[in-house]
Amino acid sequence: MTMTTERFPIEAVREQFPALKRTYKGKPVAYLDGPGGSQVVKSSMDAIYAYMANGGANLHGTFPSSRETETHIADAKQAVAQLFHADPEEIAFGANMTTLTYAIARALGRQWQEGDEIVVSELDHRANVDPWLAIAKDRGMTIRWLKVDPHTLTLQLDELDSLLTSKTKLIAVGLASNAVGTINDLAFISQKARDKGILVAVDAVHAAPHFAIDRDAIGADLLLCSAYKFFGPHVGIAVIRKPIFEALDVYKLAPAPSFVPDKLETGTQNHEGIAGIKPAIEFIAGLGAGDTLYEQIRSGYALLEDYENKLAEKLRKGLGEIDGVTLYQADEHVPKTPTIAFRIPGYEPRDICSRLCEEYSIFIADGDFYASTLAEKIGVREDGGWIRAGLAPYNTEEEVERLINGLKQILAG
């Protein structure tokens, strides 16, 4: 995790997010629900509006608005390629990460046989689990689980050698837990898989807003995320290593393109949303410095990551000092995103969230957040799940203090 001493320009950042001007019950809203979807940067909104106001069009026309649509898509893929250190031809857009993963799983499944195996993780969001369970059921495959230690909230990587066999076709693991923030050692996992010719499918949805991701460095063959988690619109993104992508036998309409990346992009895409992706990436790059977009993105993430981690440290410390609050987090030596899950015995998570909203204008979420296997292992799923505070680069120390003080006052009766 990169750290920097440069001051974070929080005032300038907040000015770029119109939603932060919202008030509720006479108080400014503190958006601490970022893991469920970040607020959108104004430059992304402007690009969406400009695309629609200038006249949207479908592809392959001879007229300007059609050509402009194609340019927006190409520009977005160039930006995503810089974001993940990939090639624009390896990038496809879709409705969301879940829908894209189902499509990819169905396509890969056409090459798999009864008795083949898939490994999924107990720590993951179900979007990187259930598509693989579904194709395994359809093809008569075996599912094996990479277990989570419910005490350390980390994956039991010592079991990898026995889990990955000559029958394993794919391992699906999240880069970071959307529930408790644990960042997994994907480079280690992918090396073990690569040694046995196994595909690696990485859910980067929760990681993408918080730190720089190099697709090759983490060894992902399939990497998926969603722009609405990193300050942009609701568009799913798939980054598929080119040889795998070219061999992918996708379900598509007969006249649709059979070449990459278009063959995975079934139907008419969300063109206005796609127009908003590049500005969201440029927001991150704008925090940094360098001669290229790639360098600016990495530099911007370093500053963003340092700021978020300092806020998270303050929040974890403050919550840990409140009598009755139970934090769910890996120990201090395990890298984590600025996502903090906690519970307060004797209080329903939803009731706490409701009171924080109504009394302190803090928007914060409760539930299992589709990390349902982890919630079951820990024993909180049937009891309301967690309260989850997620920090973003537009959050402030004042908002962190407001949450801590609000909880103190609620518990004081």
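Predicted, not measured: the structure shown is a model, and the values here were computed from it. Note that the numbering runs from 1 along the sequence shown for the chain.
In this structure, K77 forms a cation-pi arrangement with F93, its terminal cationic atom sitting closer than 6.0 Å to the ring centre and no more than 45° off the ring axis.
In the model, S361 has no side-chain atom that pairs as donor or acceptor with a side-chain atom of R402 under 3.5 Å. Side-chain polar atoms of S177 and H206 form no donor-acceptor pair below 3.5 angstrom. For the 3.5 Å distance criterion, the side chains of N96 and T99 qualify, holding a donor opposite an acceptor. A donor and an acceptor atom, one from each side chain of Y49 and E272, are nowhere located under 3.5 Å apart. Counted by atom type alone, D331 and T152 present zero donor-acceptor pairs between their side chains at under 3.5 Å. Between the side chains of Q191 and D195, at least one donor-acceptor pair of N or O atoms lies under 3.5 Å.
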The test is ring-ring contact (aromatic ring centres under 6.0 Å, His included); show your working for H72 and Y51 and say whether it passes.
CA-CA 9 Å; H72 279 303; Y51 172 81; 5.4 Å; yes

Checking salt bridge (Lys or Arg N to Asp or Glu O under 4.0 Å) for the pair K310/E397: CA distance, chi angles, key distance, verdict?
CA-CA 9 Å; K310 286 176 179 174; E397 286 193 40; over 6 Å; no

Walk me through it: do R355 and D351 pass the test salt bridge (Lys or Arg N to Asp or Glu O under 4.0 Å)?
CA-CA 6 Å; R355 288 193 62 180; D351 291 343; over 6 Å; no

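Judged as a salt bridge (Lys or Arg N to Asp or Glu O under 4.0 Å), the pairs with a partner in residues 157-176 (not counting sequence neighbours) are, in order, D161-K192.
Applying the ring-ring contact (aromatic ring centres under 6.0 Å, His included) criterion to Y347, with sequence neighbours excluded, gives no partner residue. Partners of L407 according to the side-chain contact (heavy atoms from CB on, under 4.5 Å) rule, which considers only residues two or more places apart in sequence or in another chain, are L319, I322, F342, I344, I352, L356, L403. Y102 is linked by a ring-ring contact (aromatic ring centres under 6.0 Å, His included) to nothing, counting only residues two or more places apart in sequence or in another chain. Shown here are the ring-ring contact (aromatic ring centres under 6.0 Å, His included) partners of Y251, two or more places apart in sequence or in another chain: there are none. Residues passing the ring-ring contact (aromatic ring centres under 6.0 Å, His included) test with Y360, sequence neighbours excluded: none.
The aromatic ring centroids of Y301 and F211 lie 6.0 Å or more from each other. Aromatic ring centres of H85 and Y294: separated by under 6.0 Å.
By the 4.0 Å N-to-carboxylate-O rule, E122 lies too far from K147 to be salt-bridged with it. A salt bridge does not link E308 to K314: none of the charged nitrogens lies less than 4.0 Å from a carboxylate oxygen. Taking the charged nitrogens against the carboxylate oxygens, R241 and D216 do have a contact shorter than 4.0 Å, which makes a salt bridge. By the 4.0 Å N-to-carboxylate-O rule, E90 lies too far from K242 to be salt-bridged with it. R343 and D383 are joined by a salt bridge, as a carboxylate oxygen and a charged side-chain nitrogen come within less than 4.0 angstrom of each other.
Contact annotation: the side chain of T326 approaches that of P345 to within less than 4.5 Å [non-hydrogen atoms, C-beta and beyond]. Two residues are said to be in side-chain contact when any heavy atoms from C-beta on lie closer than 4.5 Å; H125 and F369 fail this criterion. The shortest side-chain heavy-atom distance between L287 and F8 falls under the 4.5 Å cut-off. Side chains of N178 and V205 form no contact here, defined as non-hydrogen atoms less than 4.5 Å apart.
Heavy-atom contacts from other residues, nucleotides or ligands closer than 6.0 Å to CZ of R194 number more than 12.
With hydrogens and angles disregarded, a donor-acceptor distance shorter than 3.5 Å links the side chain of Y31 to the backbone of A19. Between the side chain of R215 and the backbone N or O of A86 there is no donor-acceptor pair closer than 3.5 Å.
Atom CG of D124 is separated from atom OG1 of T373 by 9.0 Å, given to the nearest 0.5 angstrom. Atom OG of residue S38 and atom CZ of residue F283 lie 9.0 Å apart, to the nearest 0.5 angstrom.
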